[in-house]
Amino acid sequence: MARRSKRWRWLLPLLIAAALAAGGTYQVRRVQERAEALASTGTAAIQLLGELGGALKDHDPERLRLCYADTYHHPSQGTFEQALASDRDGVRVYEWEEAGAKAFDRDAVVAEMEGLLEGVDAFELAKLKLARVEEIGDDTAVIRAVLWLRGRRQSGEKFESHATLRLHLVRGTNDGGPGGAKGWRIERQDLLSGVTTAGLGDGFTDVAAAAGIDHRLEPNPLFATEEWRPRTFEIIQYGPAGASATDVDGDGWVDLFFGDGHRPHLYRNLGTDAGGRLRFRDITAAAGLPLEAPGANVGLFVDLDNDGDEDLVLPRFMGKNQLFRNDGADATGVPHFTDLSDAVDLGKTFVVVASAVDYDNDGDLDLYFGRYLDPRTDLPTTLFYTRNGQGNTLFRNDGNFRFTDVTDEAGVREGGLTLGVGWADYDADGDQDLYVANDFGRNALLRNEGPDAEGKVRFTDVSEESGTLDFGFGMSVSWGDADGDGDLDLYVSNVHSGQRWYGQSTTLQQYLLTSIRQGTIREDFPIYREIYGYAGSAWQSYGDRMVKGNSLMLNDGAGRFREVSEIAGTNPFGWYWGSAFLDYDNDGRQDVYANNGWISGKTYADL
Amino acid sequence: MSWNGYETNNLLRNEGPGDDGIPRFTDVAMALGADDDKDARGLAIADFDNDGDLDLAVSHDFGDSGDVARAAPSLLRNDIGNRHGWISVELEGTTSNRDAVGALVTLEAGDLRQVQVVSAGSSYASQHDRRLHFGLGDRELVDRLTVRWPGGGEETFTDLPARSRVRIVEGQGIVEPTAAQVVSAGSS
């Protein structure tokens, strides 16, 4: 105890500084109380929403009824109508609206919710997710929740609905429901917006197994060894793996490579057969590539010697990064690779993602690797602004497969836990710029400033001035023209989970207080100061921004971006990895595909 | 217990701009059958079957489910996109890097305008086909295609027909398509 009080003494000036940084007049105690109220209200709301979703999924009107207060009252509530908004290319879109407004009591609202079950054959999913806690009173709260339904109609059509509801909650009005006599109940609900999409589910077909792509990702055995066991950051094991589309044999049919973190697989596309069916063959061994490469998450196929075929860069989370020269296809059309790794130094370890770019405009491709932290010894320093990554690396191509590490000269080490990199000349000044998406912390836009007086190309962090500063759990990045105005916009995948935020965690100030309590404020304070410097008086809201989900940043043509995901509808709930722009329906507009899902367990139970 | 497990991938269809000029998107993954619920990681995009629309290769992690089938990759073949027109553009650098990574291609067709960049490494630990694929809707002709090579040179091509593949070599213009391009154009 004596040690603790001593620590508190020297912490006091920092505490005051921190409290001041948190908004001048802000009282530390109030922050603490507010955080606790937010967390307990959030937890109770999640419990209630869970019960409501369960009652819908099980078609159980009695449980549904118990989620609503006997004092339920709405002076002019309408019934849910789903109006057809569009019907094209296999998708019907319905917009939700309320019709025939009148006074609603509990019987009326329960009947309304039961109406959602009409015509539904089975729900694959019915749940409500907490989006935001809007107000907290003594025994009342106002929350925003998303009603999420997936299922099949009796007509055979599949459908998915998302409806945003504002729910006024009250505590302790009837018992027998969730949480007993003191449980929270809904006293009033308002539909804010809603959309349903429906179709036969036949626009895409998974043909991987039928086409001969039949391997299954296996755990990397090195994680089980004493040397590589991830003692501090165990969940790194769930990170793999990447995918690459490349015409490795130059026959016009695009081939596929999977790094998979343990066993790489190169599949040659043999083209379609007479019935139009795709066929692939695993040529990993025939092409001279290793059958085991522990920690190889990503394969990058690029023409490093400008000879017309794609060489393979195979960086590693464990061990030395590898390079294979493509020597062209043999008589059977199978390309052959020669391992140059012993003669080439491309660095080593902790690489998760890779990219190629001609950053110095000298006509050959240079290599940039995104690296993570050392999971044996390190943990992310914060949830939102982590800076203890191993440092990314840039290798300049000097020709003939010789490379020079120019990371520090160029100023692109970054230092976040990088999971996404994307290059493009976003400001159309003739050189390639870089966006970096970092897990647990801030993403960055690094502008290529071109060569300086000594001919060295340097980069400047322009995240703040360009409006691209992003605090999410960045996991991928793509450049594309989302609004068809002829300049490049950004899509960055993150995490969107109000549940986790309000159910388990609190605000940014709370982090700061925790950091003070744990005695790590001295190490962490520079980070808070830096965030404050970037975010100014708005910094308290950065906690919310951290879990607001994927970002769509529109370029105004002058190199300034505006984040519009909430308006555009590009930040669905979930935990996102790979993502990309593509025009899947050839209508001339860039759509987005986004991979979602973190760790599926033996049961579906989740927050 | 899962941790954001069994969540489904999203296919966000661009519905065009709202009154404020900001594009609106609708998730059509389930309606079209692209709602993979495995623990998806990598995403690589290409027209693997050369039928004029983009397919999706998705890799998955094994998670904690114990179901090894969930660790198999998916290849989501697009069976709907080629109802509408498209053009595929393959670039080859000469003074620029041969893969033409970093090249910007701007397409103009009637009221349609769009720019795409050739990249090598994006998404998460992934790489897309370096051929660029532009959807054209019901437009039959690309009025103008402008290529800005990474080295800075610019070339313009006009009046290119829909449902075609063009291969452009820096400084040499549109060159003959490869044998495979002829084959695949015939099958579409």
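Keep in mind it's a predicted model, so treat the numbers as computed, not measured.
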statement: Value for CG (D51(B)) from OG1 (T272(A)), rounded to nearest 0.5 Å, stands at 8.5 Å

query: Quick one: of G63(B), A46(B), P73(B), G102(B), who has the most non-hydrogen atom pairs under 4.5 Å with chain A?
result: P73(B)

- prompt: Using a distance-only test with no angle check, is there a side-chain donor-acceptor pair under 3.5 angstrom linking Y238(A) and D64(B)?
  reply: yes

task: In sequence, state the C-alpha distance, the side-chain angles, and the governing distance for N297(A) and Y124(B), and then conclude on side-chain hydrogen bond (donor to acceptor under 3.5 Å, both in side chains).
output: CA-CA 10 Å; N297(A) 195 43; Y124(B) 166 73; 3.3 Å; yes

- prompt: Any side-chain donor-acceptor pair under 3.5 Å between Y584(A) and D55(B)?
  reply: no

Closest contact, heavy atoms only, D206(A) versus L75(B): OD1-N, 3.1 Å

- prompt: What distance separates H60(B) NE2 from F258(A) CZ, expressed to the nearest 0.5 Å?
  reply: 9.0 Å

message: Please find the pair of heavy atoms, one from D53(B) and one from N586(A), that lie closest to each other, and give the distance.
response: CB-ND2, 4.1 Å

- prompt: A109(B) versus chain A, heavy atoms under 4.5 Å apart: side chain, backbone, both or neither?
  reply: neither

- prompt: Given E15(B) and R589(A), is the salt bridge (Lys or Arg N to Asp or Glu O under 4.0 Å) satisfied, shown in steps?
  reply: CA-CA 8 Å; E15(B) 309 282 10; R589(A) 300 183 186 121; 5.4 Å; no

message: Treating N14(B) as the side-chain partner and A482(A) as the backbone partner, does any N or O pair qualify as donor plus acceptor under 3.5 Å?
response: yes

message: At a 4.5 Å cut-off on heavy atoms, which part of I45(B) comes close to chain A: side chain, backbone, both, or neither?
response: both

Which atoms of R13(B) approach chain A - backbone, side chain, both or neither, heavy atom under 4.5 Å: both

message: Test side-chain hydrogen bond (donor to acceptor under 3.5 Å, both in side chains) on Y576(A) and N10(B); report intermediate values, then the result.
response: CA-CA 10 Å; Y576(A) 288 88; N10(B) 302 104; 2.3 Å; yes

query: Based on non-hydrogen pairs under 4.5 Å, which of V101(B), D47(B), D20(B) is most in contact with chain A?
result: V101(B)

query: Where the side chain of S123(B) meets the backbone of S579(A), is there a donor-acceptor pair that is under 3.5 Å apart?
result: yes

field: Structural part of T26(B) lying under 4.5 Å from a heavy atom of chain A
entry: side chain

query: Say you draw a straight line from CG of L54(B) to CG of L582(A); how long is it, rounded to the nearest 0.5 Å?
result: 5.5 Å

query: Is the backbone N or O of E7(B) less than 3.5 Å from a side-chain atom of N596(A), with the two atoms forming a donor-acceptor pair by type?
result: no

task: Without swapping roles, check the side chain of R41(B) against the backbone of G597(A) for a donor-acceptor pair under 3.5 Å.
output: yes

Under 4.5 Å from a heavy atom of chain A, the part of D67(B) involved: neither

- line: Residue from G66(B), A29(B), S122(B) scoring the most non-hydrogen pairs under 4.5 Å with chain A is S122(B)

task: First locate atom CG of D481(A), then atom CZ of R113(B), and finally report the distance between them rounded to the nearest 0.5 Å.
output: 8.0 Å

query: Is the shortest side-chain N to carboxylate O distance from R150(A) to D35(B) below 4.0 Å?
result: yes

field: Best-contacting candidate, A34(B), A71(B), A57(B), against chain A by heavy atom pairs under 4.5 angstrom
entry: A71(B)

message: As an exercise, state the distance from CG of D99(B) to CG of L304(A), rounded to the nearest 0.5 Å.
response: 8.5 Å

- prompt: Between E160(A) (side chain) and A31(B) (backbone), is there a donor-acceptor pair under 3.5 Å?
  reply: no

message: When you compare the side chains of H84(B) and D89(A), does any donor N or O come within less than 3.5 Å of an acceptor on the partner?
response: yes

message: Taking every non-hydrogen pair under 4.5 Å, which of L56(B), T94(B), V118(B), N97(B) racks up the most with chain A?
response: N97(B)

query: Quick one: what part of T8(B) sits under 4.5 Å from any heavy atom of chain A, side chain, backbone, both or neither?
result: both

- prompt: Under 3.5 Å, side chain of D425(A) to main-chain N/O of L104(B), donor-acceptor pair present?
  reply: no

- line: Answer key: most heavy-atom pairs under 4.5 Å with chain A among S65(B), G18(B), G42(B), A44(B) is S65(B)

- prompt: Contact part of E108(B) toward chain A, heavy-atom cut-off under 4.5 Å: side chain, backbone, both or neither?
  reply: neither

query: How many angstroms lie between atom OG of S600(A) and atom NZ of K38(B), to the nearest 0.5 angstrom?
result: 10.0 Å

